[in-house]
Amino acid sequence: QGPLVESGGGAVQAGGSLKLSCSASGHTYSNLNLGWYRQAAGKERECVAAVSRSGGATYYTDSVKGRFTISRDNANNMIHLQMNNLTPEDTGVYYCAADRRPGFALVLFQGVYWGQGTTVTVSS
């Protein structure tokens, strides 16, 4: 598989917003579920959002529901994560990921292909 490349991270104040983007860099990933993981300091990497290959189904972990929105642009082989009302607990490195297994429920999403990550820092 080709690389996954994230962009859009940065430093914001609590309550602010960021939009992350992920490019497949020449590979369609059109048949794969895609998602975003977050790794905060001292914590395990956690899936925060995932989207089905069609874009018609989404998953969010409880801590981001109502604040984050994942979307998919298959024509351009990209996914996005709109993050609103950010809190310091959202600080971490965000990774774009793909699950190579077709047809799995999003609650079972497992990243197999990974980007290098983009850092989000939210200050109080």
Side-chain angles (χ1 to χ4, degrees):
Q1 297 286 335
L4 298 169
V5 181
E6 304 95 336
S7 62
V12 298
Q13 296 290 113
S17 298
L18 286 171
K19 184 177 181 179
L20 307 183
S21 298
C22 172
S23 171
S25 300
H27 291 258
T28 65
Y29 292 93
S30 61
N31 293 321
L32 302 181
N33 294 334
L34 300 172
W36 292 92
Y37 277 72
R38 176 176 66 203
Q39 186 163 24
K43 296 184 178 180
E44 296 295 317
R45 193 175 297 186
E46 173 191 27
C47 182
V48 297
V51 60
S52 65
R53 68 184 192 181
S54 70
T58 57
Y59 160 83
Y60 301 95
T61 194
D62 286 345
S63 65
V64 309
K65 286 180 179 177
R67 300 189 297 118
F68 290 12
T69 302
I70 189 170
S71 61
R72 185 163 187 157
D73 179 3
N74 283 333
N76 293 296
N77 299 312
M78 299 187 71
I79 61 169
H80 306 278
L81 186 68
Q82 178 66 50
M83 305 185 295
N84 297 325
N85 195 23
L86 287 162
T87 74
E89 288 70 38
D90 295 316
T91 293
V93 180
Y94 285 73
Y95 298 89
C96 182
D99 189 337
R100 70 176 181 85
R101 305 169 301 169
F104 274 67
L106 294 181
V107 296
L108 301 177
F109 183 86
Q110 294 182 2
V112 175
Y113 308 106
W114 299 92
Q116 290 298 116
T118 186
T119 300
V120 171
T121 303
V122 185
S123 301
S124 299

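FYI, the numbering just counts along the sequence from 1.
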Rounded distance (nearest 0.5 Å) linking atom OG of Ser23 with atom CE of Met78: 5.5 Å
Distance, nearest 0.5 Å, that separates CG of Asn77 from CZ of Arg72: 8.5 Å
Flag if over 12 foreign heavy atoms under 6.0 Å of CD, Glu46: yes
Working for side-chain contact (heavy atoms from CB on, under 4.5 Å), residues Trp36 and Cys47: CA-CA 6 Å; Trp36 292 92; Cys47 182; over 6 Å; no
In one Ile/Leu/Val/Met/Phe/Trp/Tyr side-chain cluster, 4.5 Å: Tyr113, Val48: yes
Side chain Asn74, main chain Arg53, donor-acceptor under 3.5 Å: yes
Distance (rounded to the nearest 0.5 Å) between Leu4 CG and Ile79 CD1: 8.0 Å
Straight-line distance of Arg101 CZ to Gln110 CD, nearest 0.5 Å: 4.0 Å
side-chain contact (heavy atoms from CB on, under 4.5 Å) between Tyr94 and Met83, intermediate numbers included: CA-CA 12 Å; Tyr94 285 73; Met83 305 185 295; 3.8 Å; yes
From Leu32 atom CG to Phe104 atom CZ, the distance as rounded to the nearest 0.5 Å: 12.5 Å
Any pair counted as salt bridge (charged side-chain N to carboxylate O under 4.0 Å, His left out), so long as it reaches residues 80-95, sequence neighbours left out: Arg38-Asp90, Arg67-Asp90
Candidate list Leu20, Val93, Val5, test side-chain contact (heavy atoms from CB on, under 4.5 Å), partner Thr118, passing option: Leu20
Side-chain donor or acceptor of Glu6 paired with backbone N/O of Cys96 under 3.5 Å: yes
Gln82: partners by side chain to side chain donor-acceptor pair (under 3.5 Å), with sequence neighbours left out: Asn84
CG-CZ distance between Leu81 and Phe68, expressed to the nearest 0.5 angstrom: 6.0 Å
Ser123 versus Pro88, closest heavy-atom pair with distance: C-CG, 4.4 Å
Parallel, tilted or perpendicular: rings of Tyr37 and Trp114 (30°, 60°): perpendicular
Student check: side-chain heavy atoms of Tyr60 and Ile70 closer than 4.5 Å: yes
side-chain contact (heavy atoms from CB on, under 4.5 Å) evaluation trace for Tyr95 with Gln39: CA-CA 8 Å; Tyr95 298 89; Gln39 186 163 24; 4.0 Å; yes
Other residues, nucleotides, ligands: >12 heavy atoms within 6.0 Å of Arg100 CZ: no
Test item: Thr91 side-chain N/O and Val122 main-chain N/O as donor-acceptor pair under 3.5 Å: yes
Connected via hydrophobic side-chain network under 4.5 Å: Leu18 and Val51: yes
Asn33 side chain to Ala50 backbone, donor-acceptor under 3.5 Å: no
In one Ile/Leu/Val/Met/Phe/Trp/Tyr side-chain cluster, 4.5 Å: Val112, Phe109: no
